[in-house]
**Q** 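Sharing a structure here in structure tokens format.
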Amino acid sequence: GESVGLHLPTLSVQEGDNSIINCAYSNSASDYFIWYKQESGKGPQFIIDIRSNMDKRQGQRVTVLLNKTVKHLSLQIAATQPGDSAVYFCAESPSGYALNFGKGTSLLVTP
Amino acid sequence: GAVVSQHPSWVICKSGTSVKIECRSLDFQATTMFWYRQFPKQSLMLMATSNEGSKATYEQGVEKDKFLINHASLTLSTLTVTSAHPEDSSFYICSARDPGRRYTFGSGTRLTVV
């Protein structure tokens with residue numbers, strides 16, 4: 001069901017620092033994981049994905065780490081910029097079904 | 001890249017009326033599309049899976065008679081909120097898997113029921 005009245009956890013970082021956003025997932029059958037960025041009033045935007053047969057994947061300024069043992073996913077953003085300020089969601093998918101989204105983390109980049 | 005277009009981007013309607021939201025895959029075909037709802041400062045919650053040419057699959061707790069889904073073609077799914085009430089005010093977002101197997105999202109529809 002839906003959660004009511006929750007506030008998103010917030011991570012505040014200084015411009016130029018590295019950011020690490022964490023996510024715990026619950027479905028051990030999930031084999032595909034994605035990080036999305038959502039700006040206010042917009043739909044989620046794909047950042048990076050990883051399949052369960054990997055434990056690390058790198059993109060441009062971003063790295064995703066997957067620890068299947070403890071069902072943990074993290075997103076690392078290098079040299080964080082003001083344009084990175086947004087809400088970040090992890091999502092999981094068991095074998096191609098619809099995505100299940102995590103609670104989200106609000107990233108605030110200060111100058 | 002693949003684009004999912006959602007329309008309208010925002011709508012205000014009176015309580016008791018119905019509102020239709022369209023979701024189109026612009027440059028690919030999608031036999032399956034997904035509809036999500038998002039309340040302020042919360043995550044996206046899956047409402048239903050829309051299947052081309054067959055009935056939608058609704059998540060537990062989502063009223064299928066209130067949220068009518070039609071997926072009449074390989075590029076279009078519609079969500080109709082019937083007899084809308086203020087508690088239906090939310091951000092509705094659709095998604096489809098593109099040919100690269102990635103989930104692409106529409107830009108969302110902000111529904112306000114007054």
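Lettering follows sequence order; numbering is per chain, from 1.
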**Q** Could you tell me whether the side chain of A:Leu99 reaches within less than 4.5 Å of the side chain of B:Ser95, counting heavy atoms only?
**A**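 No, every pair of side-chain atoms sits at 4.5 Å or beyond.
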**Q** Once you round to the nearest 0.5 Å, how far does OH of A:Tyr97 lie from OG1 of B:Thr57?
**A**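 Between atom OH of A:Tyr97 and atom OG1 of B:Thr57 there are 10.0 Å.
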**Q** More than 12 heavy atoms of other residues, nucleotides or ligands under 6.0 Å from NZ of A:Lys68: is that the case?
**A**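 Yes, because the 6.0 Å sphere around NZ of A:Lys68 holds more than 12 heavy atoms from other groups.
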**Q** For B:Phe91 versus A:Lys42, what's the shortest heavy-atom pair and its separation?
**A**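 Result for this residue pair: CE2-O, 3.5 Å.
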**Q** How about B:Tyr103 and A:Ser93: does a side-chain donor come under 3.5 Å of a side-chain acceptor?
**A**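 There is such a pair between these side chains.
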**Q** Count I, L, V, M, F, W, Y as connected when their side-chain heavy atoms are under 4.5 Å apart, and connections chain through other members. Are B:Leu74 and B:Phe34 then in the same cluster?
**A**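 Per the 4.5 Å side-chain linkage, B:Leu74 and B:Phe34 are not co-clustered.
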**Q** Answer with yes or no after comparing the ring centroid distance for B:Phe105 and A:Phe46 against a 6.0 Å cut-off, counting only values under it.
**A**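 Ring-ring flag for B:Phe105/A:Phe46: false, centres at least 6.0 Å apart.
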**Q** Please report the interatomic distance OH(A:Tyr32) to CZ(B:Arg101), rounded to the nearest 0.5 Å.
**A**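 Answer for the OH-CZ pair, A:Tyr32 versus B:Arg101, is 9.5 Å.
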**Q** Please confirm whether the backbone N or O of A:Gly43 pairs with a side-chain atom of B:Ser107, one donor and one acceptor, at under 3.5 Å?
**A**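 Side chain of B:Ser107 to backbone of A:Gly43: no pair is present.
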**Q** Heavy-atom count check: over 12 atoms from other residues, nucleotides or ligands less than 6.0 Å from B:Lys66 NZ?
**A**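 Atom NZ in B:Lys66 is packed in, count exceeds 12.
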**Q** When clusters are formed by joining ILVMFWY residues with side-chain heavy atoms under 4.5 Å apart, either directly or through shared neighbours, do A:Tyr36 and A:Val62 land in the same one?
**A**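 Unlinked, A:Tyr36 and A:Val62 end up in two clusters.
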**Q** Sort out for me which of B:Glu59, B:Arg102, B:Gln38 touches chain A most, counting heavy-atom pairs under 4.5 Å.
**A**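 Looking at each option in turn, the highest pair count goes to B:Arg102.
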**Q** Can you tell which part of A:Gln38 gets under 4.5 Å to a heavy atom of chain B, answering side chain, backbone, both or neither?
**A**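 Contact with chain B involves the side chain of A:Gln38 alone.
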**Q** Sequence neighbours left out, what passes side-chain contact (heavy atoms from CB on, under 4.5 Å) with B:Glu87? Give chain and number order.
**A**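 For B:Glu87, the residues satisfying side-chain contact (heavy atoms from CB on, under 4.5 Å) (neighbours in sequence not counted) are B:His85.
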**Q** Measure B:Leu44 against the heavy atoms of chain A and call it side chain, backbone, both or neither at under 4.5 Å.
**A**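 The answer is both parts of B:Leu44.
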**Q** Linking directly or through intermediates, with side-chain heavy atoms under 4.5 Å: list the remaining ILVMFWY members grouped with B:Val81, chain and number order.
**A**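 Answer for B:Val81: B:Val11, B:Val19, B:Ile21, B:Trp35, B:Met47, B:Tyr58, B:Val62, B:Phe67, B:Ile69, B:Leu79, B:Tyr92, B:Leu111, B:Val113.
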**Q** Take atom NE2 in B:His7; do more than 12 heavy atoms of anything else shown fall under 6.0 Å from it?
**A**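 No, not enclosed.
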